[in-house]
Asks: 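Sending over a structure as structure tokens; questions will come in a sec.
Proteins get letters first, then strands, A, B, ... in listed order; numbering begins at 1 in each.
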Protein chains: 2
Amino acid sequence: MRISELSRTSGVPVPTVKFYLREGLLPPGELTSPNQAAYGEAHLRRLRLIRALVEIGGVSIAAVKDVLAALDDTSLGVHDLLGSVQYALIPAQPRDDPEWREAFADVNAFLDGLGWRVRSDAPARIRLADVLHALRRRDGEPVAPDAVFGPYVQVAAQIADAEIASMAPPGSPREALAEQVAVGVATSEAAFSALRALAQEDASARRYGGSTLESARPADQ
Amino acid sequence: MRISELSRTSGVPVPTVKFYLREGLLPPGELTSPNQAAYGEAHLRRLRLIRALVEIGGVSIAAVKDVLAALDDTSLGVHDLLGSVQYALIPAQPRDDPEWREAFADVNAFLDGLGWRVRSDAPARIRLADVLHALRRRDGEPVAPDAVFGPYVQVAAQIADAEIASMAPPGSPREALAEQVAVGVATSEAAFSALRALAQEDASARRYGGSTLESARPADQ
DNA sequence: AGCGATGGATAGTGCCACTATCCGAAAATA
DNA sequence: TATTTTCGGATAGTGGCACTATCCATCGCT
């Protein structure tokens, strides 16, 4: 298949496909002559994966590149693959602020208390510290990690277990698993957060009474 | 307090504060002379709110503006306020693609089956349709909404109930509630998603065995 | 032979969230 | 009082990102 067909079946414009090729997100097609290349099913699948990450997961091109590199690194076990995907999908960098460092330390202590087997450089730790730090700046002072995160721990564990369990068993073909992990991480995030928003709306309607404006808002363009 | 103090106590650079003033995210200070203005506690709190939304929630400036407008609209009840905040925080627009429309219809049917009281124009519906659509393009064809979203429904409802319940009771001062809603929606999203990532890592370690590279990855810049 | 499509290179676009600079006037400091 | 600093407000510029547009010398098809 040539580039135009790749573009047509995937719905991605030709110039964008070229852009992905330039960026190394897509491997080059097989050259059939000095300026003619053929693309296969693998290209199509990878292209769809890229779009899923970008559109559903809101992942940056640079992060997509990292994810794809992890997928292609066959030396990675499933666990490390999952880790690499997550680390690419969660952009985070520690701060210098002493108050932030304190929040970070508190988060780590809290996580230690849970007994989870989690790498000490997991970016999600940083995200939690960001949240705790922001909340502390807002309210007066206290705000214990347990108060903020506690209610979510059981539920997060429950969901995570179900998601991991739904993946292929250890020893199944890595190929299939790899993309499942990447797509799963990105899409389940989006799906859950949308469902939670809807559930909140429902719960709020029941508690505060729904004066639901029902499409009374300006239909922004 | 003048602009430099506002900047110092909030940690936001002066030019950025000026930018927010220009954009109307911050109300102008009270003029004490033709070119001198004073800012109060309210400005500081709002500035912190803006930063929390931007940094923790990853909210765009335009969306922040919408959120603040909702906060300031005292004619909105708590339920509608929550709705406005959510709608501002979840960017989404329907597509034209017939396959997408089908996914959207399926999502709506699925949500109807749940019996949730949710506006028909909720952007979260669109997000769910995006996810379903993307998954259908990947796998062969089927993919029922129930298979993808089902496992999350109970949990999402559980979390949402707890969050709504933790908010002030109906009839409490709107002022306090408003920001709580905005901050809550943005931060709890971030907190939960980080916790879920960590729980996944733990679950994956238990299932696939943790060959945890432990900080063996390139410390990217 | 004619003609549209292709691969590859280079350059440009639009958006976004700031950031820099300038100005005349007021505050703070000496 | 003199001088230095800071102020509010306006205008313009920056850097990053994700594409998009244009060129051009083939290539393959009819």
Asks: Can you tell me how far the CG atom of B:Leu81 sits from the CD atom of B:Gln180, to the nearest 0.5 Å?
Replies: 11.0 Å
Asks: Identify, between B:Ala38 and A:Tyr20, the residue whose nearest nucleotide on DNA chain D lies closer to the 5' end.
Replies: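 Its nearest nucleotide lies further toward 5', so the answer is B:Ala38.
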Asks: Can you list, pair by pair, the side-chain donor-acceptor contacts under 3.5 Å of residues 16-32 of chain B, counting residues two or more places apart and other chains?
Replies:
| from | atom 1 | to | atom 2 | distance (Å) |
| --- | --- | --- | --- | --- |
| B:Tyr20 | OH | B:Arg51 | NH1 | 2.7 |
| B:Thr32 | OG1 | B:Gln36 | O | 3.3 |

Asks: Can you work out whether A:Pro34 or A:Arg22 has the more 5'-proximal nearest nucleotide on DNA chain D?
Replies: A:Arg22
Asks: Let me know the distance between NZ of A:Lys18 and C1' of C:dA9, rounded to the nearest Å.
Replies: 9 Å
Asks: Shoot me the first and last contacting nucleotide of DNA chain D against chain A, ordered 5' to 3', at under 4.0 angstrom to non-hydrogen atoms.
Replies: D:dA18 to D:dG28
Asks: With heavy-atom distances below 4.5 Å as the criterion, would you say the side chains of B:Leu198 and A:Leu128 are in contact?
Replies: yes
Asks: Return the minimal non-hydrogen interatomic distance between B:Tyr39 and B:Leu6, and the atom names on each side.
Replies: CG-CD2, 4.0 Å
Asks: For B:Leu21, answer base if it contacts any base atom (sugar-phosphate contacts may also be present), sugar-phosphate if it contacts only those atoms, and nothing otherwise; contact means non-hydrogen atoms under 4.0 Å.
Replies: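 Since no nucleic acid heavy atom lies under 4.0 Å of B:Leu21, the category is nothing.
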Asks: Could you check B:Ile61 against B:Ser33 and say which one's nearest nucleotide on DNA chain C is further toward the 5' end?
Replies: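 Upstream on the strand: B:Ile61.
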Asks: Drop me the distance from B:Trp100's CH2 to B:Asp96's CG, to the nearest 0.5 angstrom.
Replies: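 If we round to the nearest 0.5 Å, B:Trp100:CH2 and B:Asp96:CG are 9.5 Å apart.
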Asks: How close or far is atom P of C:dG7 from atom CD of A:Glu23, stated in whole angstroms?
Replies: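 Spelled out: CD on A:Glu23 to P on C:dG7 is 18 Å.
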Asks: Please tell me whether B:Ser193 and A:Arg127 have a donor and an acceptor in their side chains that are separated by less than 3.5 angstrom.
Replies: no
Asks: May I have the distance from B:Asn35 (atom CG) to C:dA26 (atom P), rounded to whole angstrom?
Replies: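 The answer, rounded to whole Å, is 5 Å.
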Asks: In whole Å, I'd like the distance from the CD1 atom of B:Ile3 to the C1' atom of C:dA27.
Replies: 15 Å
Asks: Can you classify the ring geometry of B:Phe192 versus A:Tyr152 as parallel (below 30°), tilted (30 to 60°) or perpendicular (above 60°)?
Replies: perpendicular
Asks: Nearest heavy atom decides the nucleotide; on that basis, is A:Glu5 or B:Thr32 closer to the 5' end of DNA chain C?
Replies: A:Glu5
Asks: Hey, can you pull the residues of residues 45-60 of chain A with a non-hydrogen atom under 4.0 angstrom from DNA chain C?
Replies: none
Asks: Between A:Phe19 (CZ) and C:dG12 (C1'), how many Å, whole number?
Replies: 14 Å
Asks: Regarding A:Arg137 and B:Ser10, do their side chains bring together a donor and an acceptor under 3.5 Å, going by distance alone?
Replies: no
Asks: Closest approach of B:Pro145 and B:Arg136, non-hydrogen atoms and distance?
Replies: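 Taking B:Pro145 first and B:Arg136 second, the nearest heavy atoms are CD-NH2, 4.1 Å.
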